[in-house]
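Naming: A, B, ... by sequence-line order, numbering from 1 per chain.
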Amino acid sequence: MKRYNPTEIEKKWQQVWEENNTYKVDFSDHSKPKYYAMSMLPGITGAGIHTGHGRTFQFSDIKVRAKRQQGYNAYHPIGWDSFGLPVENYAIKIGKKPRIAHDEALVNFKRQLKRLGYSYDWSKEVSTADPEYYKWTQWIFNQLFAHGLAYQKQSPQWWCETDQTVLANEQVEGGKCWRCGNQVTKKNLKQWFFKITEYADEMLEATDDLDWTEMVKTMQKNWIGRSVGAEVEFKIIGRDDLITVFTTRPDTLFGATFIALAPEHELVKNLANDKTRQAVDDYVLQSARKSEIERMNENREKTGVFTGSYAINPVNGEKLPIWVADYVLAGYGTGAIMAVPAHDERDNAFAKKFDIAIKQVIMPCEIDQNNPPQDGFDMVERDTVVVHLMDKSTGQFALLDWHGTLDGVSTAIMGGIEDSQTSAEAALNEIKEEAALGGVKIVKELDWTTAALYCASHKSQNRKAIARAFLAEVDNLDNQGTISDAESKIHKLIWVDKKDVATHLTPAHQKLVWQLLNENSLISGEGELINSGTFDGMQSSEAREQIVDWLEQQGTGHIKTTYKMRDWLISRQRYWGAPIPIIHCPDHGAVPVPDNQLPVILPDVDDFKPKGGETSALASVADWVNVECPLCGKPSKRETDTMDGYACSSWYFLRYLDPFNDKQAWDPEVEKHWGPVDFYNGADHAVAHLLYSRFWMRFFYKLGLVSTPEPFKRMMYNAYILAPDGTKMSKSRGNTIDPLEIMDSGYGADSLRVYEMFIAPYDLEAPWDTRGVPGAYRFLNRVWKLAQEYIEAGDLNLDDKVQTEITVIANRITKKVTEDILNDKFNTAISSMMEAVNDYYKIKEKNGIGKSTAWSFAIESLLQILAPFAPHITEELWNQLGHSDTVHIDHWPKWDDKYLQNDTVTIVIQVNGKLRAKLDVSKNISQIEIEQLALDNDNVKTFVGDKKPTKIIYVPGRLLNIVV
RNA sequence: GGGCGAGUGGCGGAAUGGUAGACGCGCUAGACUCAAAAUCUGGUAUUCGCAAGGAUGUGGGGGUUCGAGUCCCCCCUUGCCCACCA
């Protein structure tokens, strides 16, 4: 018998596939349905990939291999993210030019990917740093420019003083530079932007319908961050101009007690008077010097100064002081807010610090006015408990706990019930402390111990029962006057359960309770309006609309939608990127380089490192910078910034479809057939890259260059594999595992691949287990031996029962694996194949193995469904079985449902929901028969006894539950 | 602080509301061997019992259901993303 030697057969078949162009796709071949799958392209930074990356790349490989076997023309491209900061920084680190550093690093990437046996079409490789590629990136820039979606604007940008360079948002981690770890600041520079906000609404609305991993969709929606609210105009006393604020809570407009402007707000300097000017100027200057990070790190202590001016609240004519405060962000909304300290935490903190009025306008009473509570305390919409006390003589209430911590009270009391009298007292003391901390006013002291001891003396599992009993008893005692002590107070511990325990609070009482609360706490939610003139009594949601309507009639406000997402800043003052194809002419301003002069080649420079200042190294290449204006021929200068690396990777999936086209970026006809990407996966870039790609795709769609507005039909966001120590695998931690190392130690690519898929479901982080690959190797070795024994054996006559047994297994796993691959459940696909192989071994031991219809189908179907996971061993065995073609094209087994229906089934017999017996019966058995069999069963009898079943649940083919 | 997930043996994990712990790792006993490795066979949640079998058991507390790891409510722990976004 031949031994399984992965090293030998993997090398052999990789060579054969390359020579035969097995995975090469002919775009013009439309004879089969198309399937286009890919993983996010790797950034080339030298280390090569580790086993965590390997897993990511494999998901698309399995999808594409399965489809290829199922008769699709399946395309699996590969390319390199070659431009951008990571590559340039890597080059700086190793002291080589980026081009050289990149090309050298790429060698190892390719070696790794090839050895892992991914079925890429290597003939269509793409690199974002090739002039043939970035020519079209620049062309896209021109298109965006021509359509008003690329523009220049003065804007503050992250700046690292240590590295003397600007940083992209994503390169700032927690306020620190990703490279040197020092704090970053902001610097005001003229920058290029792409107007992604133009598509914010469109993308947001399309997000829900995408067949993408939910988490990614949520992150994208949060990032776009749409808020619907209103813009309200405030007149400034003694001036003609207005302050416009944005708010999502126009229903709190009557509660505004001051206006706050961002220090960068243009009106600030005009609003100061002689008295305040010095303070205001100082504050603005100070804020500008502070980085945003510093602002955040100051423990959110609010700062600000009064400008000396006042604004008029359009709804009630109140005079509101105008402040400057850096907690107001210049970049969001209008850079100005109306502050409602009674209902906004930040405004509240500010108002308290500077002693500004706080005016409550919302009563957070959750009473549905259309359906007022009849005889229940329905204010708290949860099945939980409220502890409060009431003084009947004054009608006053106090809550001891409420809202989110309500359950804390019940838990504490339950603790008292369960433990002892002592702990009951302790628990109740805790509640009192908590009440004091929460600022709740205790109107009258209650004899807590009485209540707690009652609970403690009535131990029971059922909280509700205790509550009922206690209520009854207290009521009873009360009526008899025994609980009313000398101080004539009435103590009640009321358990509130929405459905069950009705207490006796009227809506008026509920309001009273809330009012007591409101004196001490901030109401940030919704409720009923008070102190709001004609809008009093309205619910927030209605008041919002009515107030905006009213403002609109007065011409002082309107509905407004804002987004957190900002336009995409693409300028990089760095060398290693696609040059922005712009020429600055003294007369014509920014003029795009004509399409027929593209690409603007990135010149080779010796010193590419950022010098600080505000330009890239390109600024020093005089003969490159100094050119003539394309419009008038006047001496002009090239733009010396390069484009963000994300720009280069926002359209590569289109270039994959036409990588050698020198007439256009891609042929729309090819895209029409092959687009969009059917399956896309990655473990990173959940927000930026995917949003940018969607933005460009929508733009191309409007231009008629592509056939759909969304680039990725299905997007799978997989989790990382962690290092064995449970931390993230990273080069800096030194805990990465090189796939080459594992393959070279004799296990080969197939074992590694199988383990990578078996380790955990795709969306779960799991630590790498060094013993895992040997486990996968054992499985493949068992497959190998099984196939070898079959190949070497002669004819074998099996009786029908055994034939069927084998065939049933083969059909079962074929169905299971087919469906699991479709549903991205790769780990269970493998475990079911392991199970099947174990079953085959048992049958083989008992009945032998040899040439027969059943064994033939079992072996061949197993190899076919295993092929996407372990392509080499399956190809080798397929070949040894005598096939001259490859198993990887057009070979997928079919299952027949008739083998999946057993004649006998195991029925689980339960008594009161507990398993008491299992019966093997014919699948056609009637309910009456199975009931009789069950009731005759000895073990069932002991649990049913003489009792008569009150109910029998029968799930045909599965289970019988006898309820007695 | 906000949003979204997750919590099941010693470990990774499995389970359309219907037999919890598949499959693998590890551990363990045995077979083969002079021996070891490799391989094969059996065992492996806790607990009571000679056994048959019983009781308990999916972070904690409640609920819905004939039946809950799964659905609902609250709490705890943990991961990721965003974070003074009005």
Set of ring-ring contact (aromatic ring centres under 6.0 Å, His included) partners for A/Tyr4, sequence neighbours left out
A/Tyr777, A/Trp784
For B/C40, give the paired nucleotide (Watson-Crick: N1-N3 plus N6-O4 or O6-N4; G-U: N1-O2 and O6-N3; both under 3.5 Å), or none.
B/G30
A/Asn222 side-chain proximity, nearest of B/C66, B/G3, B/C82
B/G3
In terms of the nearest nucleotide of RNA chain B, which residue is placed more toward the 5' end: A/Lys728 or A/Gln910?
A/Gln910
Does any N or O in the side chain of A/Thr950 come within less than 3.5 Å of the main-chain N or O of A/Val963, such that one atom is a donor and the other an acceptor?
yes
What does the list of N/O pairs under 3.5 Å between the protein and nucleotides 37-47 of chain B look like, with a distance for each?
| residue | atom | partner | partner atom | Å |
| --- | --- | --- | --- | --- |
| B/C40 | OP1 | A/Arg782 | NH1 | 2.7 |

Hey, does the side chain of A/Asp725 reach the backbone of A/Thr727 with a donor-acceptor pair shorter than 3.5 angstrom?
yes
Heavy-atom nearest nucleotide on RNA chain B taken for A/Gly913 and for A/Thr562; more 5' hit belongs to A/Gly913
I'd like a list of close polar pairs between nucleotides 78-80 of chain B and the protein, N/O only, cut-off under 3.5 Å.
none

Nucleotide B/G54, atom C1' - distance to CG of A/Asp938 in whole Å
16 Å
What nucleotide among B/A86, B/C66, B/C84 has an atom nearest to a side-chain atom of A/Asp326?
B/C84
Taking A/Asp347 for the side chain and A/Val340 for the main chain, is one N or O donor matched with an acceptor at less than 3.5 Å?
yes
Distance-only, no hydrogens or angles: does the A/Thr213 side chain make a donor-acceptor pair with backbone N or O of A/Met215 under 3.5 Å?
no
Give each protein N/O atom lying under 3.5 Å from an N/O atom of nucleotides 14-16 of chain B, with the pair distance.
| residue | atom | partner | partner atom | Å |
| --- | --- | --- | --- | --- |
| B/A14 | OP1 | A/Asn827 | ND2 | 3.1 |
| B/A15 | OP1 | A/Lys825 | NZ | 3.4 |
| B/U16 | O4 | A/Arg958 | NE | 3.3 |

So what does A/Asn939 hit on the nucleic acid, given a heavy-atom distance under 4.0 Å: a base, only sugar-phosphate, or nothing?
sugar-phosphate
Using a strict threshold of under 4.0 Å (side-chain N to carboxylate O), is an ion pair present between A/Asp251 and A/Arg249?
yes
Donor-acceptor pair, distance only, cut-off 3.5 Å: does the side chain of A/Arg55 make one with the backbone of A/Glu756?
yes
Using only modelled atom types and a 3.5 angstrom limit, is any donor from either the side chain of A/Lys302 or the base of B/C84 paired with an acceptor on the other?
yes
Give A/Ser227 one of three labels, base, sugar-phosphate or nothing, depending on what nucleic acid heavy atoms sit under 4.0 Å from its own.
sugar-phosphate
What nucleic acid atoms does A/Arg916 come within less than 4.0 Å of, heavy atoms only: base, sugar-phosphate, or nothing?
sugar-phosphate
Going by purine N1 to pyrimidine N3 plus the second Watson-Crick contact, or the G-U wobble pair, all under 3.5 Å, which nucleotide sits opposite B/G1?
B/C82
What does A/Asn961 touch in the nucleic acid at a heavy-atom separation under 4.0 angstrom: a base, only the sugar-phosphate, or nothing?
base
If I pick the C1' atom on B/G9 and the same atom on B/U47, what distance separates them, to the nearest angstrom?
15 Å
Any strand: nucleotide that pairs with B/A35 via Watson-Crick or wobble, under 3.5 Å:
none
Tell me which nucleotide among B/G3, B/U19, B/G54 gets nearest to the side chain of A/Thr218.
B/G3
Side-chain (A/Asn847) to main-chain (A/Ile843) donor-acceptor, under 3.5 angstrom
yes
More than 12 non-hydrogen atoms from neighbouring residues, nucleotides or ligands closer than 6.0 Å to NZ on A/Lys353, yes or no?
yes
Applying a 3.5 Å limit to both distances, which nucleotide forms a Watson-Crick or G-U wobble pair with B/A55?
B/U46
At under 4.0 Å between heavy atoms, what does A/Leu959 touch on the DNA or RNA strands: base, sugar-phosphate, or nothing?
base
Answer yes or no: does a side-chain N or O of A/Lys951 lie under 4.0 Å from OP1 or OP2 of B/C66?
yes
Could you work out, with ring-ring contact (aromatic ring centres under 6.0 Å, His included) as the rule, every residue matching A/Phe354, not counting sequence neighbours?
A/Trp323, A/Phe350
Could I get the full list of ring-ring contact (aromatic ring centres under 6.0 Å, His included) partners for A/Phe758, not counting sequence neighbours?
none
Quick check against the 3.5 Å criterion: does A/Tyr283 have a side-chain atom that pairs as donor or acceptor with the backbone of A/Asp326?
yes
A/Tyr332 side-chain proximity, nearest of B/C23, B/A86, B/G67:
B/A86
Across all strands shown, which nucleotide pairs with B/C71 by Watson-Crick or G-U wobble geometry, both distances under 3.5 Å?
B/G63
Using a cut-off of 4.0 Å on non-hydrogen atoms, how would the nucleic acid contact of A/Glu835 be classed: base, sugar-phosphate, or nothing?
sugar-phosphate
Taking atom C1' in both B/U78 and B/A29, what distance in whole Å separates the two?
39 Å
With sugar-phosphate meaning primed atoms plus P, OP1 and OP2, does A/Phe943 contact a base, only sugar-phosphate, or nothing at under 4.0 Å between heavy atoms?
sugar-phosphate
Could you measure between the two C1' atoms, the one in B/U8 and the one in B/G57, and give it in whole Å?
10 Å
Taking the side chain of A/Phe758 as heavy atoms from C-beta outward, which of B/G3, B/C25, B/G12 is closest to it?
B/G12
For a quick test of reading the model, state the closest non-hydrogen atom pair linking A/Ala934 to A/Ile962 and the distance between them.
CB-CD1, 4.2 Å
Under a 3.5 Å limit for both distances, which nucleotide forms a Watson-Crick or G-U wobble pair with B/A6, could you say?
B/U77
Quick one: label A/Lys914 by what it contacts on the DNA or RNA (base, sugar-phosphate, nothing), any heavy atom closer than 4.0 Å.
sugar-phosphate
Which nucleotide, if any, forms a Watson-Crick or G-U wobble pair with B/G17, using both distances under 3.5 Å?
none
Given A/Leu862, which of A/Val783, A/Ile809, A/Val817 fulfils the side chain to side chain contact (heavy atoms under 4.5 Å, CB included) condition?
A/Val783
Salt bridge check: are A/Asp208 and A/Lys217 linked by an N-O gap of less than 4.0 Å?
no
Rounding to an integer number of angstrom, what distance separates B/G10 and B/U64 when you compare their C1' atoms?
36 Å
In whole Å, what separates the P atom of B/C66 from that of B/G49?
37 Å
Need the pair for B/G24. Rule: Watson-Crick or G-U wobble, both distances under 3.5 Å, any strand; none if unpaired.
B/C11
Rounded to whole angstrom, note down the P distance from B/A20 over to B/U70.
14 Å
C1' gap between B/C73 and B/C81, integer Å
26 Å
